[in-house]
Every structure is written in structure tokens, then in C-alpha cells.
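Quick notes on the structure that follows.
For reference, positions follow the sequence shown, starting with 1.
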Amino acid sequence: MKEKFKNPAITAPLLVIGIIIAMQMSKFALKNLDSGTNIFVAVGVIQLVAMGLPCIIYYLMKNRRLSDPIYGISTRGPQILFVIFAALFFVCGTLLVKFFYILGGAESAALVNFYGEITQTSTEARNIEILLSLVIIPAVCEELFFRGIIFSEYRRFGTANAVIISAVCFAMLHFSLTNFFVYLFSGLVFGFVTAMTRSILPSVALHLLSNYLSIYASDAFLRITVIKNGAYFIGFVLVMLTALCFILLMSRVETVCLNYSDRPPVESIPPKSSEHWAEVVFSPTFIILIIVFLTVSLFI
């Protein structure tokens, strides 16, 4: 039993379930705040508590040790260019995903933050409050959680498993079946960048960009552009831009990997993901996590 508790495939989904419960409770608390309370300050504080406290408890229960924590950063040229190209690919790719939502007549996510619909009712927001509560704090908290803890824990089962599972958990924690693939795409890019740079700092930067664009670059602009210029033309442009950015991104992957070959990592190299995918996907706690996500998304 003790050995099972040390297994991240068992413990990490339990942490995500704990965060889901904490966030749902916090959303209920926010809806019942006193009218004189600054909603943006409350959102910022609650995010720190709802995501921070379970992570601290988890960290202590794991005897202050995670599998392979990734917090450093390299300022070498290859990584900087890689992150720049990743940002371009992320923006173009996100627009392309949302384009298909528009094409299908569905609504794509306008606010990345979980508390967006609550804060939209406030008419007294200042830019600094919006930036802190809906852009900066969620980007830092979510990346410390998903790429700092979840990704690091699953990395012992292979890098691909770590990227995919952390992205799936990221999408789940936004409680939207409709926009699941928008968040999944973002999570996959964040995880891939973390794996390539061996740091969560670039993913924090991309997450900040994502949140900022979600708030200040309304999806209405893309929708109007499609109507004025035609779906086929805009779709063609987005596909070409996304493909070009992907090629540029992949052109840096080889350079970054060659750079690492000159200075091998101190930690052990993760195993092949294909050897452990069943252990990860069919973990009983991960299946419970999926059930909890579906229940919350459909009925709460």
C-alpha cells in the first residue's frame, strides 16, 4: 500500500481531484461574496489558496520530494529561438482551432480563466486588477501545478506521457466539454515546450500570452474577420501560417537536442512512454478523475 502511494500514477490524479473540488467550492464562495468586496482581489487570493494549498499538502505527503521537478532555465540561443517559434505556433494554432469552432457554429473559449464568467459581471475593474487576477496569477499557479508537479510526476513514465497527461488534466480543470480541445491544444504546447527547455518558465510566459490574448483580443475579431473575408480564405491563411510556424519550431528542435547532447542531463533519462502508457491511462485514480470531470462538467 505504501509503495502504491509513492506511485505518481496513483497520487497525481488524486491531487487533480482535490484541486477540482477546491475550485468548485471557491466558485460557489465567490458567487456569495459581500457586495462591497473587490471581486478581482478575491479571485486572486482564492486562486492562490485553491491551487496552492493542495499542492503544499501533496508536496509534504510526498516527503518533500517530487519525481523530477523542472524549474530551471537556460538562456542559450537555441532555446530562446525555440520559445519564440513556439509562441508563434501557439498563437496561430490556437486561432486555427478556434476557427474550426466558428466554422462548426460553436462558441470557443473567450476567457481562459476559470473565474472569468464571474468577474465579467463587475463594472469597476482596473487593468492592473484584471492583469493580476485573470492573467498573471492563473498563469503562474497553473504552470507550477500542471508543469511543475503533474508533468514532473508523470515524467518517470516517459516524456510523451507527461506531456499528454498534464495537458489532459489542464483541459479538465477548465470544466468545459465544449472547449476541451482548445485547452488541450494549449496544454500540449505548454508541455512540449517544458519538455524541450527543461523548465516551466517558458510555459509560464506562453500561458501569460494566452491569458492576455483571451481577454484583450476578443474572439469576436476572428468571427468578424471570417464573415468579412470568407471562411475558406481565412482558413487557408491560418493553415499556412500554422504550418510555417510548425516548420520553424521543428527546425529548432534538432538544434536544441544537439545542444543537450553536448551536455547530458544530470538526472536519469525518462523511459519510453510506450512501455508505461497502460499503467498511466488505466490507473484507477485517473479513471476516477475522468468520472469526476464529466460529472462536474455535465451536472454542476
Side-chain angles (χ1 to χ4, degrees), residues 1-30 41-73 113-115 132-133 136-159 161-175 187 190-191 194-195 198-201 203-204 207 265-268 270-271 276 279-280 283-293 296:
M1 185 69 182
K2 189 175 181 181
E3 288 301 318
K4 282 189 175 182
F5 182 75
K6 292 181 180 179
N7 187 348
I10 300 295
T11 59
L14 291 176
L15 175 60
V16 180
I17 293 172
I19 298 289
I20 287 176
I21 295 172
M23 291 184 72
Q24 286 297 326
M25 292 175 63
S26 67
K27 198 170 185 179
F28 175 78
L30 282 172
V41 173
V43 164
V45 172
I46 283 179
Q47 286 179 107
L48 291 171
V49 175
M51 297 200 74
L53 189 58
C55 289
I56 292 173
I57 295 173
Y58 182 84
Y59 183 67
L60 293 175
M61 292 181 69
K62 297 282 283 190
N63 294 322
R64 299 178 177 84
R65 182 182 180 280
L66 299 179
S67 295
D68 292 296
I70 300 177
Y71 298 109
I73 182 62
N113 187 266
F114 174 64
Y115 302 103
L132 282 173
S133 63
I136 298 175
I137 292 178
V140 174
C141 288
E142 289 178 16
E143 288 312 303
L144 283 172
F145 173 55
F146 291 108
R147 259 56 67 175
I149 294 182
I150 301 301
F151 177 92
S152 296
E153 286 287 78
Y154 276 103
R155 196 160 170 255
R156 65 176 288 182
F157 303 111
T159 301
N161 285 331
V163 171
I164 294 170
I165 296 299
S166 63
V168 170
C169 291
F170 176 76
M172 285 184 183
L173 219 65
H174 288 84
F175 309 105
F190 297 157
T194 299
R198 301 177 185 173
S199 169
I200 66 167
L201 297 184
S203 68
V204 170
H207 203 144
V266 176
E267 72 274 11
S268 60
H276 296 277
E279 180 182 358
V280 168
S283 161
T285 51
F286 186 71
I287 294 173
I288 293 173
L289 169 60
I290 294 174
I291 295 172
V292 170
F293 162 68
V296 171

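When all heavy atoms of I46 and S26 are compared, the pair lying nearest together is CG2-CB, 3.1 Å. Scanning all heavy atoms of the two residues, the minimum distance from T11 to E153 falls at OG1-OE2, 4.1 Å. Residues A50 and A22 share a closest heavy-atom pair of O-CB, 3.7 Å. Between G187 and R147 the shortest heavy-atom distance is O-NH1, 3.7 Å. For the pair E279 and A9, the tightest heavy-atom approach, listed with the atom from each and the gap, is O-CB, 4.0 Å. Between F151 and G191, the shortest heavy-atom contact is CE1-O, 3.8 Å.
For the pair L173 and I20, the minimum side-chain heavy-atom distance is below 4.5 Å. Put simply, the side chain of I10 reaches to within 4.5 Å of the side chain of P284, judged on heavy atoms. Between C55 and L144, the closest side-chain pair of non-hydrogen atoms is not below 4.5 Å. At a threshold of 4.5 Å between non-hydrogen side-chain atoms, the residues K27 and F175 do not count as touching. Considering only heavy atoms from C-beta on, F145 comes within 4.5 Å of L15 through its side chain.
The side chain to side chain donor-acceptor pair (under 3.5 Å) search around T285 returns S283, not counting sequence neighbours. For F293, the ring-ring contact (aromatic ring centres under 6.0 Å, His included) partners at least two apart in sequence or on another chain are F180.
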Validation: residues 164-172 side-chain donor-acceptor distances under 3.5 Å, sequence neighbours left out:
residue, atom, partner, partner atom, Å
S166, OG, A162, O, 2.7
S166, OG, V163, O, 3.0

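Side-chain N or O atoms of E143 include none that pairs as donor or acceptor with a backbone N or O of L201 at under 3.5 Å.
Note: Q47 CD to L132 CG = 10.5 Å, rounded to the nearest 0.5 Å. The CZ atom of F146 sits 12.5 Å away from the OG1 atom of T194 when rounded to the nearest 0.5 Å. Interatomic distance, R198 CZ to T159 OG1, rounded to the nearest 0.5 Å: 9.5 Å.
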